[in-house]
A.B. asks: 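After the structure tokens below, expect a handful of questions from me.
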Amino acid sequence: MKKTTLGFKKLKQQNERCVMVTAYDAPGARAAEAAGVDLILVGDSLGMTVLGYDTTTHVTTSDMIHHTRAVKRGAGNTFIVTDMPFLTAQGSDDRTLDAALRLMQEGGADAVKIEGAGTVFSKIRMLTEGGIPVCAHLGLTPQTVGVDGGYRVRGRTQAEKDKLMKEALEAEQAGAFMLVLECVTEKTAEEAARQLDIPVIGIGAGRCTDGQVLVYHDIIGQFNGKQAKFVKQYADAGQMIETALCSYAKEVRSGAFPETSHTFEPMENPESLYGGSK
Ligand code: KIV
């Protein structure tokens, strides 16, 4: 059964870990739902994993809607969180409202995720009060790496830890139902999970959070870029796919494919298209 925001809080209260994974299309979403994950994130990592960009900044609201709809078709019984893309949670409230509304109404998202702190908290409050569940995202926030220190671990000094804790509490007070903490020291993330009532989901945030999120393509081994230390790869789908395609190309060129079993005869039962009896 599809979980609710209350259900995620209950998991935390019962000391049960929450499983989140990204997905960007129907087959990935179907696999995630079949695996029984608690929720799916249509992350703007879409930009790198699927669309071929080198950062998330090129991803648009229309891209997120398109892919959220596909995920929804693949996993109709799983709670879906969709990322608010670059700059849609900054600037005017109208811009934020419009993007969030489209992700919910056109995309079918159950909630949105917003990266960052500061002025972002008022956006979290506005959306939550309007009825849109919001997942906050602190620590390393890929949308702003250009201005806040690049891809590095956060919460290492006492000052950084204090700042992060303050922001985490502010996100909760603003109404966030969940917090993603990315690339944060284990101790800082542990403290956040202890102090907050909402579930704290870690990615590169150690072992003591209320749950984990990983990028689908990192899990299955189908990502081209450098692999971060916090990733655990559970399969080598990239290699498997390449091997399969090489075999296909070789067999087409040699004439080994198609074989007799792949061909149709004039007297054959037309129903045999999908492998029925001849
Ligand atoms: O876009 C994304 O995939 C994310 C996760 C890394 C948390 O934000």
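Every number for a ligand or one of its atoms is a count from 1 in the order of the listing. Computed from a predicted model, the values in this text were never measured in an experiment.
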A.B. asks: Polar pairs, ligand 1 vs protein, N/O only, below 3.5 Å.
C.D. replies:
from: ligand 1; atom 1: 1 (O); to: D44; atom 2: N; distance (Å): 3.1
from: ligand 1; atom 1: 1 (O); to: D44; atom 2: OD1; distance (Å): 3.2
from: ligand 1; atom 1: 1 (O); to: S45; atom 2: N; distance (Å): 3.1
from: ligand 1; atom 1: 1 (O); to: S45; atom 2: OG; distance (Å): 3.3
from: ligand 1; atom 1: 1 (O); to: D83; atom 2: OD2; distance (Å): 3.1
from: ligand 1; atom 1: 3 (O); to: S45; atom 2: OG; distance (Å): 2.5
from: ligand 1; atom 1: 8 (O); to: K113; atom 2: NZ; distance (Å): 2.8

A.B. asks: Flag the pair E106 and R102 as a salt bridge only when some basic side-chain nitrogen lies within less than 4.0 angstrom of an acidic carboxylate oxygen.
C.D. replies: yes
A.B. asks: Any carboxylate oxygen within less than 4.0 angstrom of a Lys/Arg side-chain nitrogen, looking at K163 and E167?
C.D. replies: yes
A.B. asks: Answer yes when E191 and R194 have at least one side-chain N-carboxylate O distance shorter than 4.0 Å, and no when they do not.
C.D. replies: yes
A.B. asks: May I ask you to decide if T260's main-chain N or O and T263's side chain share a donor-acceptor pair within less than 3.5 Å?
C.D. replies: yes
A.B. asks: Is the number of heavy atoms from other residues, nucleotides or ligands under 6.0 Å of R152 CZ greater than 12?
C.D. replies: yes
A.B. asks: Is there a donor-acceptor contact under 3.5 Å linking the side chains of D63 and T60?
C.D. replies: yes
